[in-house]
Amino acid sequence: MSVRAKKHLGQHFLKDELIAQQIADSLTEKGYNNVLEIGPGMGVLTKYLLKKKPTIHVIEIDTESVEYLQAHYLNLANRIISKDFLKINIEDYFGKEQVAIIGNFPYNISTQIVFKTLENRHQIPEFSGMFQKEVAKRIAETAGSKVYGILSVLTQAFYNVEYLFTVPPTVFDPPPKVDSGVIRLTRKENYTLPVDEKLFFKVVKTAFQQRRKTLRNSLKTFNLSDNLREDIIFGQRPEQLSVQEFINLTSKIEKDAS
């Protein structure tokens, strides 16, 4: 019995054992006792994770894959969550415990998985996984690049990002049309911001929605004082600002409004 890859779920099953081993080995196993694998499919990555010290849990929306895992991974049976990761409350399954996230993520929901991780950063010290290469590069990119954007800034505000390696389409069934990339996020020691976090998210998203404009034009909706609008930072475009500069910018907007 094997599972058929379903297009609507964005499934591309990894069939290369060496790459599965490399992804499993990207976990540092530091600072957590639980690992949650998203979208295990037929368990090619799962079997290497099960050799690790932390307790492995998997979450899978595809009922055919769940049945396969229940039949072939008996020692995992009571740790298979048959749900959609984007819709669960992590605390319902792990209480207040820390949990690392790993997976060969379906391309169509990979950025949503990152945003959900950011929302739950107090509970997720590490995150390792495979994305479409272009998305992986975007998450890891630094200021000054054309692909540096919302995802880069918001992720790097709370996590250190490492681009680990590139994976060719040939190691998947069915092969995707593009290369994939594996990245690791390690939560920063201080992962709270010295500014209002909701405002920070809003400033970053608004700035990049019109990335070709200077901040003076793209942030007009914030009703900034004339005095603040003269600040040299507002003459720059969003991709020129580092994460720290976005934090400083948010602080200035905060003070301007008070």
Value rounded to 0.5 Å, distance of CD in Gln236 from CG in Leu215: 7.0 Å
Heavy atoms of Gly181 and Ala136 approach each other most closely as O-CB, 3.8 Å
Nearest 0.5 Å please: distance from the OG atom of Ser110 over to the CD atom of Gln132. 7.0 Å
Using a 4.5 Å cut-off on heavy atoms from C-beta on, say whether the side chain of Leu49 contacts that of Ile102. yes
Charged N to carboxylate O below 4.0 Å: is that the case for Glu126 and Arg187? no
Would the distance check show the side chain of Lys188 and the main-chain N or O of Gln156 forming a donor-acceptor pair, the cut-off being under 3.5 Å? yes
Have Thr117 and Tyr159 got a donor and an acceptor in their side chains that come within less than 3.5 Å? no
Could you tell me whether the side chain of Ile101 reaches within less than 4.5 Å of the side chain of Ile38, counting heavy atoms only? yes
Is the number of heavy atoms from other residues, nucleotides or ligands under 6.0 Å of Lys15 NZ greater than 12? yes
Could you grab the distance from atom CD of Gln70 to atom OG of Ser82, nearest 0.5 Å is fine? 7.5 Å
Quick one, Met42 with Leu69, criterion side-chain contact (heavy atoms from CB on, under 4.5 Å). Give me CA distance, side-chain angles, the key distance, then yes/no. CA-CA 6 Å; Met42 288 182 281; Leu69 293 166; over 6 Å; no
At what distance, to the nearest 0.5 angstrom, does CZ of Arg229 lie from CG of Asp231? 12.0 Å
Do NZ/NE/NH1/NH2 and the carboxylate oxygens of Glu197 and Arg121 come within less than 4.0 Å? yes
Compare every heavy atom of Pro125 with every heavy atom of Gly31, then report the nearest pair and how far apart it is. O-CG, 3.8 Å
Return the CG to NZ distance between Asn33 and Lys53, rounded to the nearest 0.5 Å. 10.0 Å
With side chains defined as the heavy atoms from C-beta onward, is the minimum distance between Thr186 and Phe127 less than 4.5 Å? no
Taking the side chain as C-beta and beyond, is there a heavy-atom pair between Ile56 and Asn34 under 4.5 Å? no
Any side-chain heavy-atom pair of Thr111 and Val135 under 4.5 Å: yes
Measure from the side-chain N and O atoms of Glu60 to the backbone N and O of Gly41, and report whether any donor-acceptor pair falls under 3.5 Å. yes
In terms of hydrophobic clustering (I, L, V, M, F, W, Y; side-chain heavy atoms under 4.5 Å; direct or indirect links), are Tyr48 and Leu50 co-clustered? no
Establish, yes or no, whether a centroid distance under 6.0 Å links the rings of Phe208 and Phe246. yes
Of Glu245, Gln244, Lys252, the one forming a side chain to side chain donor-acceptor pair (under 3.5 Å) with Asn248 is Gln244
Using a 3.5 Å distance criterion without hydrogens, assess whether the side chain of Glu134 forms a donor-acceptor pair with backbone atoms of Val178. no
Provide the closest heavy-atom pair for Tyr163 versus Ala140 in the form atom of the first, atom of the second, distance. CB-CB, 4.2 Å
With Glu141, which residues qualify under salt bridge (Lys or Arg N to Asp or Glu O under 4.0 Å), at least two apart? none
Taking Thr206 for its side chain and Val203 for its backbone only, find out whether a donor-acceptor pair lies under 3.5 Å. no
Between Leu185 and Phe158, is any pair of side-chain heavy atoms under 4.5 Å apart? no
Taking every heavy atom of Pro176 against every heavy atom of Pro169, the minimum-distance pair comes out as O-CB, 3.2 Å
Checking the side chain of Asp16 only, and the main-chain atoms of Ile19 only, is there a donor and an acceptor separated by less than 3.5 Å? yes
Glu254 side chain vs Asp196 backbone, donor-acceptor pair below 3.5 Å: yes
Check ring pair (Phe, Tyr, Trp, His ring centres under 6.0 Å) between Phe131 and all other residues, then give those that pass, not counting sequence neighbours. Phe105
My understanding is that only one of Ile183, Leu45, Ile23 makes a side-chain contact (heavy atoms from CB on, under 4.5 Å) with Met130; could you say which? Ile23
Would you say Thr192 and Asn190 are linked by a side-chain donor-acceptor pair, where the criterion is simply a distance under 3.5 Å? yes
Joint hydrophobic cluster, Val161 plus Phe115, side-chain heavy atoms closer than 4.5 Å: yes
Is a side-chain N or O of Arg211 found less than 3.5 angstrom from the main chain of Lys146, in a donor-acceptor match? yes
Is there a donor-acceptor pair under 3.5 Å between the side chain of Glu162 and the backbone N or O of Leu164? no
Candidate pair Thr55 and Val35, rule side-chain contact (heavy atoms from CB on, under 4.5 Å), full reasoning: CA-CA 6 Å; Thr55 306; Val35 173; over 6 Å; no
Taking Arg184 for its side chain and Ser128 for its backbone only, find out whether a donor-acceptor pair lies under 3.5 Å. no
Which pairs would a plain distance check flag for residues 218-225, meaning a side-chain donor or acceptor within less than 3.5 Å of a matching protein atom at least two apart in sequence or in another chain?
unit_1 : atom_1 : unit_2 : atom_2 : d
Ser218 : OG     : Thr214 : O      : 3.4
Ser225 : OG     : Leu228 : N      : 3.2
Ser225 : OG     : Asp256 : OD1    : 2.6

Are the side chain of Thr155 and the backbone of Leu151 linked by a donor-acceptor contact shorter than 3.5 Å? yes
For Lys116 and Leu86 the tightest heavy-atom approach is NZ-O, 3.3 Å
Is the His122 to Tyr191 ring centre distance short of 6.0 Å? no
If I compare all heavy atoms of Pro238 with all of Ala207, which pair ends up nearest, and what's the gap? CG-O, 3.4 Å
CA sep, side-chain torsions, deciding dist, call: Leu36, Ile81, side-chain contact (heavy atoms from CB on, under 4.5 Å): CA-CA 10 Å; Leu36 178 62; Ile81 304 166; 4.2 Å; yes
Would you mind reporting whether Val147 and Glu239 have side-chain heavy atoms less than 4.5 Å apart? no
Kindly check if the number of other-residue, nucleotide or ligand heavy atoms within 6.0 Å of CG (Asn89) is above 12? yes
To the closest 0.5 Å, what do you measure between NZ (Lys83) and CD1 (Ile59)? 8.5 Å
For a side-chain contact (heavy atoms from CB on, under 4.5 Å) check, start with the C-alpha distance between Ile124 and Gln98, then their side-chain angles and the critical distance, and finish with the verdict. CA-CA 6 Å; Ile124 303 172; Gln98 299 288 291; over 6 Å; no
Do the non-hydrogen side-chain atoms of Asn104 and Phe172 ever get within less than 4.5 Å of each other? yes
With His57, which of Tyr93, Phe85, Tyr73, Phe94 fulfils ring-ring contact (aromatic ring centres under 6.0 Å, His included)? Phe94
